[in-house]
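Report on the structure given below.
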Number of protein chains: 2
Amino acid sequence: MTPVHTEPVHTEPVDRRAQRRAAKRAQILAAAWTLAHREGLAGISLRDLADLVELRQPSLYAYFESKHDLYDAMFAEGNRQLLARVAELELSQDPRTATKEMVRALVQFSTDDIVRYQLLFQRPIPGFEPSVASYALAVEFFEFGRARLVAAGVTDPEDFDVFTALVAGLADQQVANDPGGDRWVRHSERVGDMFFADIDRRRRAAQRDAQRTTTRSDAKGASA
Amino acid sequence: MTPVHTEPVHTEPVDRRAQRRAAKRAQILAAAWTLAHREGLAGISLRDLADLVELRQPSLYAYFESKHDLYDAMFAEGNRQLLARVAELELSQDPRTATKEMVRALVQFSTDDIVRYQLLFQRPIPGFEPSVASYALAVEFFEFGRARLVAAGVTDPEDFDVFTALVAGLADQQVANDPGGDRWVRHSERVGDMFFADIDRRRRAAQRDAQRTTTRSDAKGASA
DNA sequence: GTCTATATTCGGATAGAC
DNA sequence: GTCTATCCGAATATAGAC
């Protein structure tokens, strides 16, 4: 009963301690997602969360500095999942096909978990702003998307704005009106084709204009 | 000072009473929008609201049965404003042009007041569902939009789903990333053209397929 | 690191006098 | 219809013992 040495009890290797701590943190995070699915993101209460992981509510503060800190961890986790999803995609060699595959993956990812979608792409928690570290993950995905479009020959920022609107619209409608389904997911390729057809159409129009200007004003001079 | 008859004081015509009441209700509603712009939709507190209209907080219950009832009135008002906006549009005779004008008007309407947009098109208040009467206004606008597309020859529900996604995407990106600006508003016509070009392109493809089937199997027989 | 106990704040809603 | 007074609930966060 009465230990002769208290030393051995306290000499649990630091690695083990950190490991146990990380595991508990992960458990709390998982429980937070469960609660968010049940009550909504804003509906998570630290009391309920503590119950789920068999802790008292104040003990959560040993793992997260505040509720916002918890949201921030969820935001980071969601973004890492998104990055992992696109990383495993085995994209086509054809850059346009690859772009459409990415669009579908993103819309599918959105409908797979709508509270995750809300946390990543909407602002459902008043006052919550991700930390710079977490936000960097979001930027990383954004830049990945842009790179796919650049590879497909789309470099104009205006074109990219149009593209983001198309993707956002598919995801938004999917999540809002057919959560978990595929009513808008299945239009991903079509919308991608629509976008590239528009790019081509505008390029032809621009070429035609340039042609007309050249022939009319000066046979082969530089335009003013 | 001391009234001989109390009667005249109480015989204020019912019309006047109702009028005063309606005016106060409108004042409260306007104050609620002001607060929503300042603190967010979910950030409205009945105490602050009462302060703004020089009432005590419980007195608000003489005008609204509950906070949800207040949100419902705001939801209805926003939808009436949207219907009024499109009603005054003087749409073009050409149905495709008219459709694009409507798209621009909706995206512009969204960026004109982002909390109104959130209330009408997102679900920022957990647990709030509009009443049937208010929801009917939203349906009315939806049907107006569908009628414009039918007039433009677009009747396939799948096509309409794609269309709603495009519009939702423009509004969503506009509100989220350039509130009050026009970074996505200005792409309204382009996206409309993109959509109709896609409709045409798919029709040509369908015709070509039908042609090929007919010529190959039976010169002029009905397809199986 | 976990606990008990509590501080603190704030919210919507109700009772009942006038 | 408006008021004062109050209820009731819920939430995050902190203090301090163990």
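In what follows, every chain begins at residue 1, and chains take the letters A, B, ... in the order their sequences are listed. Just so it is clear, the structure is predicted and the values come from calculations on it, not from any experiment.
- Side chains of Q174(A) and R183(A): no donor on one and acceptor on the other come within 3.5 Å.
- One N or O donor and one acceptor, one from the side chain of R47(A) and one from the base of dA11(D), sit under 3.5 Å apart.
- The phosphate of dC3(D) (OP1 or OP2) has a side-chain N or O of S59(B) nearer than 4.0 angstrom.
- In this structure, the nucleotide among dT14(D), dT2(C), dG12(C) sitting nearest to the side chain of P58(A) is dT14(D).
- Where G43(B) and Q57(A) each meet DNA chain C at their nearest nucleotide, the meeting point lying more 5' is that of Q57(A).
- For E65(A) and dT14(D), the CD to C1' distance is 14 Å, given to the nearest whole Å.
- The side chain of L46(A) sits closest to dT12(D) out of dT2(D), dT12(D), dG12(C).
- Side-chain N/O atoms of Y63(B) include one lying less than 4.0 angstrom from OP1 or OP2 on dT2(D).
- Taking for each of K24(B) and K67(A) the nucleotide of DNA chain D with the nearest heavy atom, the 5'-most of the two is the partner of K24(B).
- Looking at heavy-atom distances under 4.0 Å, I44(A) makes contact with sugar-phosphate atoms alone, never a base.
- Looking at Q19(B) and D15(B), their side chains never bring a donor and an acceptor atom within 3.5 Å of each other.
- Ring to ring, F163(A) and F196(A) are not that close: their centroids are 6.0 angstrom or more apart.
- In the set dA11(D), dG1(D), dG12(C), the nucleotide with an atom closest to the side chain of S45(A) is dA11(D).
- Judged purely by atom type and a 3.5 angstrom limit, K24(B) uses its side chain to pair as donor or acceptor with the backbone of V53(B).
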